[in-house]
Amino acid sequence: MKTWIQPLLFWVIAGGLFALGTPSVEATYRPAPAWLSSVVRVSSTTAEGARHVRATPELATVFQSRLLQYANAADLPDFTTGFDGNGVTVANDTLPRNKYAIGIQSNGMDGGGCVAIDITHPFGGCVQIANSSGNLVTAQIAREVWTFRFSYTDPSAPSSSEVNITSAGDYVLEFVQRTPGGHRCFTFYPCDYYGVNLDYLTGTITTSNPTCAMKLGPGYHAYIFYQASPYDEGAVPAGAQEWYPPTVPATLTRLEQPGGTLFSRDYSLGRADNALSISGGGLVHPSVAATGYTGIHDPLNLGISSIPPGSETISVASYDCGVIPYVAFSVSREFIESGGHGAHSATAPPPLDSVSSLGAYSGTTDSSGNWTTMLYAGAVAETIKYTATAPNLLGSPFTSPPLLVATGFLGLADPGANDSNIRYTGNTSTVGLRHPSNHNASAELHAFVRNLAAQYNQRIADPMLQGSLGLNDMSLMTGGVFDITANWLPPHSQHSFGVACDIDHFVKRFSDGVFVEIDYETTLSNVASDLDGFLLIETSNTDNLHVQIPESQLSDVLLRETR
Amino acid sequence: MKRLRLLPSLLAAALVTATVNAQSTSYPLADGTSVQLPDLTITGSTLSCDLTYDASRGVYRYNYTINAALTNLAPIQEVKIDLSGKVARPQIDPTLAENIHRWSMLQPATTIPVGITVQDLTQWGTSSVAAGGRAYFRSAKPIYALQPGGSKGGFVLESRQGPGIRRAWISPSIHSWWEALKTLPHSDAEFVTPLSEGTFAIETTTVGPADLMDVDLFDGGGQQPAEVNKFLRYAAPQQSRSKVPANSTYTVIVYYGKTILPSTFSAALDRTDITSRFHPVPGGADAITISVGTSTTKLLLSVDGMKSSGGKGMDSDTLTFLPQ
């Protein structure tokens, strides 16, 4: 019977850190999830004939090994918490040297089975050895060793020596079929102490950290070597082969290879992928040409008749294990839909300056490798991808990772029409479908319109006139120009920062769903006055009645939304 | 005779009305067209306040009258008075007279608590304290809005807070806009700038309840010791010599000390005795509006009071108004 346990194996070679404690069995070990056996076959037999079962090696001793890069230490897996890490494939087999680590990550390891004839073809059969009677029998594994290695060989000098590039050297993982206490065990764990078998590891990660001292270019290797022995340690018969495959001795230029190769990847160490970088805060608020809070609607004398565009400093730096001074570059822009104009932005994206613009689009980094300019928001809440490109960065063209800068008011939300006094409208017609998400607003506005609708029905009193008020356009997902005509231009200008809502001209009666005309001039106006909001006439047909929250609530909105 | 004398006035009013009604403004729409709408000018409208103090209740009574200028082009729909204060208080004081219905109680806690009484509840009963902390008096329907040349009184705020100069806003009815827009062909075009009565609303000042601290009151200067100098203090003006527009009015807000002897109070405006216009009550206040012409105007106020030592003292202040 196999015992399923799921320990942590976390070995950071470069750091020399073996991050496995000896916590209690309860805390560290738990049964493997039931789904695991259906996903990964960890032990098998092969039927051969009606009643004969032939032993085979384990399907694979290391499952799904792959070479991944990790941007930060926090991206490394933590198998004890079920976190498989944020490793990503090493693009073009080249590790940017600004990454935290490169690692061999597997989905698990199995110990035991028979000794494979060919470790790369585990179904190819088992090694046969002579027993004490001289008969050939299947060699069952008594010991297994996996050796994880990161090494470097200078490709420009074929005769140069292979060197281990991790400070702690190889990481060697060993499994024994029979511990002194009679347990199957990966030996890093005190199986006998806890009285358990440990013959399966959920995942493994072995890493190497690049440093600025490492040579750029190819010549780097990642390996998993493997060998198994049918004999317990110290019990190898005279003349018998102890390890399958055997160890390949070191040469003058190559390191020893302990067994066969289960996994092998060559990779290059590349320049930092941010050797030229462009950075900034990534978020600015759009300009608002007219807020409506002027004159009588500015009782607090806030003087916020308009909202100037947000701005931030954009920096370009040239640095890779040291300053790279005087790098000439240019900055390009690309529109990214993010603000809820999707229905029309694909066919006619906005003028980029209406989203955001830079003070300069080219320059040269200074002696410290730095350059800055200002970014200014436009009136349209969307996103621009900025990318810096140098035609010659230490001899070759280089493009920075992109910087996404969103123009928008990020605090706007749509809680839904969760109140019987209101209903959402304005997003199903031809015009409405241009901006189907049209009820984004500040919390103050959502509260205001609910109070407005509730008090309207209280004041109107007559059940034949009471009903749900239709809430039409508020703001888009992140505010900005609400171009109902799909041309990136106002009007609807005061719908750009989540403080305004259009009220439909008809109330849907509670009693029978019939639409009745809203009492705008008297009841709704009186309610708006009581709530200290204000009503505006937005269209000449007066179909929609525009309301805004009181200025007394505006400060909170602007404090949250502008920067 | 009375009819004959009245006729020219009516004709003049009709002429003014006909002339001003012709005034209008073109409001552009986003589609390039525009809409001509009548102007809603209400410049010249005022909100006057008659202040009394009920010493037995410790309550100030602010009785307002809305005065619509004859030259107004639109009826007055609403007035709002700033009630923002500095101290958080319960917003309902049951000892203050009130006859209106409060539909909401969303004003900031620092709003000065008031009781609201409206004489004409039918036409102007839509009055209360708005969520922003402003008292408002509003005609319930457009047809009840105050026509040009008219005045409407009977709007009362009761408060335990003494008077100060407060901001106030007067708004026209936009009924004529609605009527005009209804006659237009249907169009989805939006106004480049949404229409608002705010375009024609006016901001003014009036006397209203205020959260005034000692530091906010001007003692008039002059007398010693200091306690005597506080027998008469002023929320307005804030200095002995004040520049004011020529041919205008100025509202003096005087606070009386708690130990004054009311019978000794006297007031003279450019040597004319106007004592009777004041109502000196120990611990109370008055708001008196005086006219300022084109020459320097002096207001002399004087009162005796009891000092803490038991003796009498006299506080006499001269307030000078310099027409500009």
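Note on naming: letters A, B, ... go to the chains in the order of the sequence lines (proteins, then strands), and numbering restarts at 1 for each one.
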Are any non-hydrogen side-chain atoms of A:S529 and B:K80 less than 4.5 angstrom apart? yes

If I take atom NE2 from residue A:H495 and atom CD from residue B:E190, how far apart are they, to the nearest 0.5 angstrom? 6.5 Å

Min side-chain heavy-atom separation B:L106-A:Q553 under 4.5 Å: no

B:H175 portion near chain A, given a 4.5 angstrom heavy-atom threshold: both

Proximal component of A:F534, with respect to chain B [non-hydrogen, under 4.5 Å]: neither

Which atoms of B:E78 are under 4.5 Å from chain A, going by heavy atoms: the side chain, the backbone, both sets, or neither? side chain

Are there residues of residues 293-303 of chain A whose heavy atoms fall under 4.5 Å of chain B's heavy atoms? If so, which? A:I296, A:H297, A:D298, A:P299, A:L300, A:N301

Heavy atoms under 4.5 Å from chain A: which residues of residues 162-174 of chain B carry them? B:R167, B:W169, B:S171, B:I174

Among A:N451, A:T522, A:T523, A:L535, which has the most heavy-atom pairs under 4.5 Å with chain B? A:T522

B:D216: which residues meet the salt bridge (charged side-chain N to carboxylate O under 4.0 Å, His left out) condition with it, sequence neighbours left out? B:K86

What part of A:S525 lies closer than 4.5 angstrom to a heavy atom of chain B: side chain, backbone, both or neither? both

Determine which residues belonging to residues 128-148 of chain B lie within contact range of chain A, meaning some heavy atom pair is under 4.5 Å apart, and list them by number or answer 'none'. B:S128, B:V129, B:A130, B:A131, B:G132, B:G133, B:R134, B:Y136, B:R138, B:S139, B:A140, B:K141, B:P142

Do you know which of B:A201, B:A189, B:P185 has the most heavy-atom pairs with chain A at a distance under 4.5 angstrom? B:A189

Report which part of A:E551 has an atom under 4.5 Å of a heavy atom belonging to chain B: side chain, backbone, both, or neither. neither

Pairwise side-chain contact, B:W103 with A:V527, heavy-atom cut-off 4.5 Å (strictly under): no

For the atom pair CD (A:E521) and CD (B:E179), what is the distance rounded to the nearest 0.5 Å? 6.5 Å

Most heavy-atom pairs under 4.5 angstrom with chain A, which of B:G198, B:A30, B:S104? B:S104

Please round to the nearest 0.5 Å and tell me the distance separating atom CG of A:D530 and atom CZ of B:R102. 9.5 Å

Scanning both residues in full, the closest heavy-atom pair of B:P194 with A:E538 reads CB-CA, 4.4 Å

Quick one: closest heavy-atom pair of B:W178 and A:I537, and the distance? CZ2-CG1, 3.7 Å

